[in-house]
Structures are given as structure tokens and as C-alpha cells.
Number of protein chains: 2
Amino acid sequence: MKIGDLAKRTGLSTHTLRYYERIGLLPYADRDRSGQRDFDASILTWIEFLGRLKTTGMPIRDMLRYAALRDEGDATGSSRRQILEVHREQVRTQIAELQECLLVLDTKIAGYASDEQRTKENDARPNARRKPLRSRTAGPVTH
Amino acid sequence: MKIGDLAKRTGLSTHTLRYYERIGLLPYADRDRSGQRDFDASILTWIEFLGRLKTTGMPIRDMLRYAALRDEGDATGSSRRQILEVHREQVRTQIAELQECLLVLDTKIAGYASDEQRTKENDARPNARRKPLRSRTAGPVTH
DNA sequence: ATACCCCTTCGAGCGCGCTCTAAGTCAAGG
DNA sequence: CCTTGACTTAGAGCGCGCTCGAAGGGGTAT
């Protein structure tokens with residue numbers, strides 16, 4: 001499988017795929033006689049799993065640790081399991097935090113909701129006037 | 001309230017607080033006669049709310065849009081509500097994704113679990129050997 | 001042979017969100 | 001008076017995860 005095809009299948013750019021290989025997140029792919037990468041189809045599973053790790057906020061450096069252990073073979077199974085168990089716990093925490101935030105958002109939105117009738121709460125502005133600022137800090141102001 | 005106190009209370013560094021003021025995420029704070037910031041206690045509520053937005057992945061540029069509307073006063077209530085409603089939807093999606101990933105992690109871990117007995121599945125390595133690489137790309141290798 | 005398009009490597013650049021340094025001011029305590 | 005320590009501004013630098021550009025090669029269709 002060529003890199004372009006893999007890109008289409010995974011939604012990653014060819015640039016990103018090469019980058020991943022370069023840093024060791026993907027195994028070094030076979031090259032055909034003209035030097036082009038020929039990916040094994042099984043790479044799809046691995047990339048998908050990496051996607052899960054990424055979605056759940058695992059930094060690349062940790063994925064690299066995991067990938068390295070994977071390369072070392074069977075003996076590293078329990079280390080890998082441990083990494084995943086620790087990570088799973090972080091994901092659980094993350095979900096709990098988000099759910100808490102969701103409640104706060106609900107409350108806040110409810111405060112704005114009541115029939116376009118303004119409540120004090122949602123409009124409280126701490127320190128009076130806000131300085132426009134943004135002199136040399138930013139360019140054409142995109143905000 | 002001095003910036004140092006506020007830093008302690010919020011867990012943000014004084015650097016970060018000044019940075020937030022600079023970009024307009026915090027209102028321009030009053031200065032005492034010697035030029036030092038004197039924050040209104042009500043800023044705590046705002047910072048806490050910003051924290052929620054941050055936790056849920058809202059980029060600073062969007063927080064700035066929200067903050068700007070807030071400064072414009074009561075008339076912007078419905079725009080602000082809209083921003084939050086859109087964001088809430090994204091948070092919900094995010095949570096759903098994480099929960100899906102959690103299931104995948106559970107499965108993966110279960111695969112490693114079974115009494116230290118290696119299963120094929122969890123060790124499948126796509127393209128044979130992995131090149132060490134990492135020649136000029138990185139320094140002393142921290143991974 | 002000539003396009004055309006996808007591929008290659010190497011290395012620079014970018015957007016984000018801080019984070020830190022430098023150089024200096026100010027107020028309180030010993 | 002002198003030190004200490006928290007504060008001030010302006011601006012440079014950093015870690016992350018890509019993202020892109022330049023310069024060139026290969027294989028196929030016309």
C-alpha cells in the first residue's frame with residue numbers, strides 16, 4: 001500500500017505519516033525498487049490504535065515508549081499493560097472532569113436562557129472597563 | 001488582591017495571569033499608586049469559568065470572542081449563549097469519543113491480562129524490523 | 001519524448017499556549 | 001540605610017505536533 005492510499009484510509013496526511021515513521025511511531029516501512037514506501041495493511045490497525053491514544057490525550061513521547069516496548073517483543077507485555085492501565089485511569093479522570101464542566105455549562109446556559117430576560121449573574125464584569133490593548137502583541141486582530 | 005495571591009488561589013502562575021490580561025482574557029486590572037495590579041475578588045469566578053472552558057478544550061481565541069461580547073454588555077447575551085451551546089455540543093461529542101476509546105482500552109488491557117499468557121493479537125507487529133533512526137532529528141533521546 | 005502525478009529526503013516554519021529573562025521599581029523589615 | 005522580595009514592562013524562547021517547501025526521481029499515458 002502506497003503512502004497516498006494510506007493517507008486516504010487513515011485521514012492523516014502523507015506528511016504526517018512520514019513524520020510518524022521518522023520519529024518511530026510507525027515501523028520503518030518497506031521500500032519498493034524505486035524507493036517508495038509499501039505499507040503492510042496491518043499498519044491500519046496500529047494507526048487506528050494510535051488515534052485512540054491521541055484522542056485520549058496521550059503525548060507522542062508516551063506512545064513512543066509503548067511502541068518501543070512493542071518492538072522488543074513478548075517479554076514487555078506487562079509493561080505495556082501497565083502503561084495502558086495508567087492511561088485508562090487518566091482517561092476516566094478526564095471524562096469525569098468534562099462531565100463536571102458540562103454541568104457548569106448547563107447552568108450557565110440556563111442563566112442566559114430565561115426568555116431573553118437578562119439576569120445579573122451572567123453579566124457580572126469584575127474590573128469595570130477592559131482596555132482594548134493589543135498594540136504590538138498581535139497583527140490584524142483575528143479574534 | 002495582589003497578583004501573587006491570585007496566582008496562589010487560582011493555581012496559575014503570575015506570568016500566565018499577566019499574559020491573560022495582555023491578550024484580553026482578563027479585564028485590565030486596576031493598579032495601585034506604585035503601579036502594581038490590584039485584582040477585584042470577583043475575578044476568581046471568571047478565572048474559574050475560563051478554566052472550565054480550557055479543560056473542555058476551547059481555544060483561547062474563542063474565549064476571547066466570549067470575553068469581548070461580555071464586555072459589550074447585556075445586548076450580547078444571546079450570542080454568548082449561542083457560543084456556549086455550540087461548545088456544549090462539542091464537549092458532549094468529546095465525552096462520547098473518550099468513552100468509546102475507554103472501551104478499546106479495556107479490550108486491549110484484557111488482551112494483555114489473561115494470566116501473563118501472551119496472545120498473538122496484542123503483539124502483532126506490522127512491518128518486521130523497526131529502524132532505530134533518530135539520527136539528527138533529536139538530541140540525547142529522552143523517550 | 002513529453003506530460004503528469006505521486007513519490008523521495010532534508011530541513012525550515014508555524015500556531016498554540018504559555019514560560020522565562022532582563023532590567024528596573026517599590027515598600028516593608030531589620 | 002540597606003536588603004529582601006514581590007512587583008512592573010517588553011520581548012525572546014520553548015515544547016508540542018505537525019505542516020510545508022524545495023529539489024529531484026519514477027512510472028505510466030499519450
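The chains referred to below are lettered A, B, ... by the order of the sequence lines, with proteins before strands, and numbering in each begins at 1.
- Here B:Arg31 pairs with B:Glu21 under the salt bridge (charged side-chain N to carboxylate O under 4.0 Å, His left out) rule; sequence neighbours left out.
- To the nearest 0.5 Å, atoms CZ (B:Arg61) and CE (B:Met63) are separated by 10.5 Å.
- The closest side-chain heavy-atom distance from B:Asp30 to B:Arg37 is not below 4.5 Å.
- Near DNA chain D, defined here as any heavy-atom distance below 4.0 Å, there are no residues from residues 94-102 of chain B.
- Shown here are the salt bridge (charged side-chain N to carboxylate O under 4.0 Å, His left out) partners of A:Arg88, two or more places apart in sequence or in another chain: B:Asp106.
- The side chain of A:Ile3 sits closest to C:dC7 out of C:dC7, C:dT9, C:dC26.
- The salt bridge (charged side-chain N to carboxylate O under 4.0 Å, His left out) check on A:Glu100 picks up B:Arg52, with sequence neighbours excluded.
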Contact string for nucleotides 16-21 of chain C, one letter per nucleotide 5' to 3', B = base within protein heavy-atom range under 4.0 Å, S = sugar-phosphate only, - = neither, reads SBBBBB
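- Relative orientation of the A:Tyr112 and B:Tyr66 rings is perpendicular, given thresholds of 30° and 60° on the angle between their planes.
- Residue A:Met63 contributes atom CE, which lies 12 Å from atom C1' of D:dC18 at whole-angstrom precision.
- Contact annotation for A:Arg18: base contact, defined as any heavy-atom pair under 4.0 Å involving a base atom.
- Comparing atom distances between the B:Arg37 side chain and each of C:dC7, D:dC7, D:dT8 picks out D:dT8 as nearest.
- Partners of A:Glu97 under the salt bridge (charged side-chain N to carboxylate O under 4.0 Å, His left out) rule, at least two apart in sequence or in another chain, do not exist in this structure.
- Defined by atom type and a distance below 3.5 Å, a donor-acceptor pair is present between the side-chain atoms of A:Thr16 and A:Ser13.
- Regarding A:Asp32, its CG atom lies at a distance of 10 Å from the P atom of D:dT28, rounded to whole Å.
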